[in-house]
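Reading through the structure tokens given below for one structure.
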Amino acid sequence: MKIACNSNTPFGAKLIRDKVNVGRYGNDGRYHDFESNFVEIQPECDNDVEALKNAVKYWENDKFGMNACYVVQAAKNGSKYYVNHKVYALTAQQDKFEILNPDEILGVVHVVPLGGRSKELFVEHVQANPNYLNKINTKYAGIGTAMINSLKELCNMMTLFSSKEKSVRDFYAKNGFCEYPPNTNAYTWIKDIFDRF
């Protein structure tokens with residue numbers, strides 16, 4: 001079945017960053033660099049909406065992937081509450097992003113500009129495919145970090161509220177976020193001012 005984009009936009013998912021490294025498990029029992037791609041989901045494209053929905057509905061123990069689907073569907077339907085919201089996906093797919101393959105979507109992230117400033121993001125949801133989380137010798141590793149690193153290329157500051165699980169809090173700390181005030185689950189990452197020169 002062919003699904004077309006219903007908008008003035010001729011293509012589907014927009015490539016934001018290519019050659020985003022994640023680990024891919026090899027026959028030698030080790031992880032090797034694998035170049036994935038970071039794309040922006042286009043709510044006006046039926047294929048993007050369906051691909052995202054078909055990806056996350058099969059993710060066992062999904063916490064936030066379905067939330068990202070809801071955002072995309074609400075934006076597609078013209079909801080005023082999601083006007084500036086964006087959903088990105090990390091995909092193992094190498095080309096033809098106008099026809100996203102749901103089986104290749106490794107993770108999703110939902111963000112909104114903070115206070116209307118495009119270089120400051122509030123991260124609403126981050127979800128790697130749960131099949132690759134906290135398990136040994138999974139097909140892919142480092143999906144969450146790859147998505148966070150891709151967002152770091154788009155902004156100067158990110159804030160978020162972490163869930164209380166130690167593994168999640170450790171993940172954000174490992175990726176350069178600081179909890180402030182202490183014991184609030186409020187985390188912020190700020191680009192080093194010296195990185196700008």
Side-chain angles (χ1 to χ4, degrees), residues 5 7-9 11-17 20 36-53 55-57 59 62-91 97 100 105-130 143-165 168-169 171-181 184-193 195-196:
C5 294
S7 74
N8 295 332
T9 308
F11 302 109
K14 178 181 173 186
L15 179 64
I16 300 298
R17 189 166 173 236
V20 179
S36 60
N37 294 287
F38 193 64
V39 298
E40 181 181 342
I41 301 295
Q42 302 298 308
E44 24 333 290
C45 180
D46 290 341
N47 184 67
D48 281 11
V49 174
E50 287 301 309
L52 184 60
K53 185 169 71 174
V56 302
K57 79 177 178 182
W59 289 357
D62 169 52
K63 290 185 179 181
F64 303 115
M66 212 34 101
N67 295 58
C69 277
Y70 175 81
V71 169
V72 170
Q73 290 175 320
K76 178 183 178 60
N77 293 330
S79 170
K80 65 181 181 179
Y81 300 107
Y82 295 101
V83 171
N84 293 318
H85 293 235
K86 294 187 179 212
V87 173
Y88 298 97
L90 189 70
T91 178
F97 303 114
L100 275 182
I105 295 176
L106 304 176
V108 295
V109 59
H110 164 211
V111 300
V112 64
L114 191 61
R117 296 179 293 272
S118 63
K119 290 293 187 176
E120 298 177 14
L121 298 177
F122 183 79
V123 181
E124 294 275 357
H125 303 102
V126 177
Q127 180 68 62
N129 180 333
I143 296 166
T145 296
M147 290 189 294
I148 291 295
N149 287 340
S150 295
L151 288 176
K152 287 177 179 179
E153 295 293 321
L154 301 177
C155 68
N156 295 326
M157 184 178 101
M158 283 186 275
T159 60
L160 58 87
F161 288 103
S162 170
S163 63
K164 293 184 180 185
E165 292 129 325
V168 176
R169 294 164 58 94
F171 167 79
Y172 288 117
K174 178 186 91 173
N175 281 286
F177 286 77
C178 294
E179 183 181 24
Y180 188 80
T184 60
N185 293 334
Y187 283 80
T188 301
W189 169 85
I190 299 174
K191 185 174 280 187
D192 186 337
I193 191 164
D195 287 347
R196 298 180 192 173

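Scanning all heavy atoms of the two residues, the minimum distance from Leu160 to Phe122 falls at CA-CE1, 3.9 Å. Between Ile105 and Ala51, the closest heavy-atom pair is CD1-O, 3.9 Å. Nearest heavy atoms, Leu90 versus Val20: CD1-CG1, 4.0 Å.
Although no hydrogens or angles enter the test, the distance criterion places no donor-acceptor pair under 3.5 Å between the side chain of Gln73 and the main chain of Val49. Distance alone, capped at 3.5 Å, is enough to place a donor-acceptor pair between the Asp48 side chain and the Gln42 backbone.
Remark: Lys14 NZ is loosely packed, at most 12 non-hydrogen atoms of other residues, nucleotides or ligands lying under 6.0 Å away.
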(message) Set out, in order, the CA-CA distance, both residues' side-chain angles and the distance that settles salt bridge (charged side-chain N to carboxylate O under 4.0 Å, His left out) for Asp62 and Lys57, then state yes or no.
(response) CA-CA 8 Å; Asp62 169 52; Lys57 79 177 178 182; over 6 Å; no

(request) May I have the step-by-step check of side chain to side chain contact (heavy atoms under 4.5 Å, CB included) for Met158 and Leu151, ending in yes or no? (result) CA-CA 9 Å; Met158 283 186 275; Leu151 288 176; 3.7 Å; yes

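Atoms NE2 and OH, on His110 and Tyr82 in that order, are 6.5 Å from each other to the nearest 0.5 Å. Summarising the geometry, atom CH2 belonging to Trp189 is positioned 5.0 Å from atom NZ belonging to Lys191; distances are rounded to the nearest 0.5 Å. Atom CG in Asn149 sits 6.0 Å away from atom CG in Asn175 (nearest 0.5 Å).
Applying the ring-ring contact (aromatic ring centres under 6.0 Å, His included) test to Phe97 and every residue at least two apart in sequence or in another chain returns nothing. Listed by chain and residue number, Phe177 satisfy the ring-ring contact (aromatic ring centres under 6.0 Å, His included) test with Tyr172 (two or more places apart in sequence, or in another chain).
Residues Phe171 and Thr145 are in side-chain contact: their nearest non-hydrogen atoms beyond the backbone lie under 4.5 Å apart.
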